[in-house]
K.L.:
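Have a look at the structure that comes next, please.
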Amino acid sequence: MKAALRRWKASKEIRRKMVEKLENLVRNSCLERTGKEPNGVEVW
């Protein structure tokens, strides 16, 4: 049971880091194209 909980927490952390990376990528891309910060970013 502890091992499953540890794997679940690790996968949540990996997902959080990937979402953060994608948000930064989208923000930077929008800033380069338009010269403005986007109002919001959605990562699915």
Side-chain angles (χ1 to χ4, degrees):
M1 189 69 169
K2 288 181 183 180
L5 186 59
R6 189 170 44 248
R7 285 193 309 268
W8 181 72
K9 286 183 179 180
S11 69
K12 269 185 80 169
E13 181 64 22
I14 290 169
R15 182 180 181 276
R16 187 190 66 76
K17 286 180 182 177
M18 183 57 72
V19 166
E20 185 178 318
K21 183 178 176 181
L22 287 171
E23 283 179 349
N24 287 333
L25 181 68
V26 170
R27 284 184 191 280
N28 291 338
S29 175
C30 185
L31 188 60
E32 286 178 11
R33 284 184 291 126
T34 64
K36 298 178 183 176
E37 279 280 332
N39 292 334
V41 175
E42 249 183 69
V43 178
W44 293 23

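The model shown is predicted, which means the values in this text are computed figures rather than measured ones.
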K.L.:
How far does SG of C30 sit from CD of E37, to the nearest 0.5 angstrom?
P.N.:
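Between atom SG of C30 and atom CD of E37 there are 8.0 Å.
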K.L.:
Give the cluster check for M18 versus V26: same hydrophobic cluster or not, with ILVMFWY residues linked at side-chain heavy-atom distances below 4.5 Å.
P.N.:
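Linked, M18 and V26 end up in one cluster.
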K.L.:
I would like to know whether M1 and L5 meet side chain to side chain contact (heavy atoms under 4.5 Å, CB included); could you show each step before the answer?
P.N.:
CA-CA 6 Å; M1 189 69 169; L5 186 59; over 6 Å; no
K.L.:
So, E20 and K17, do they make that salt bridge, N to O below 4.0 Å?
P.N.:
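Salt bridge: no.
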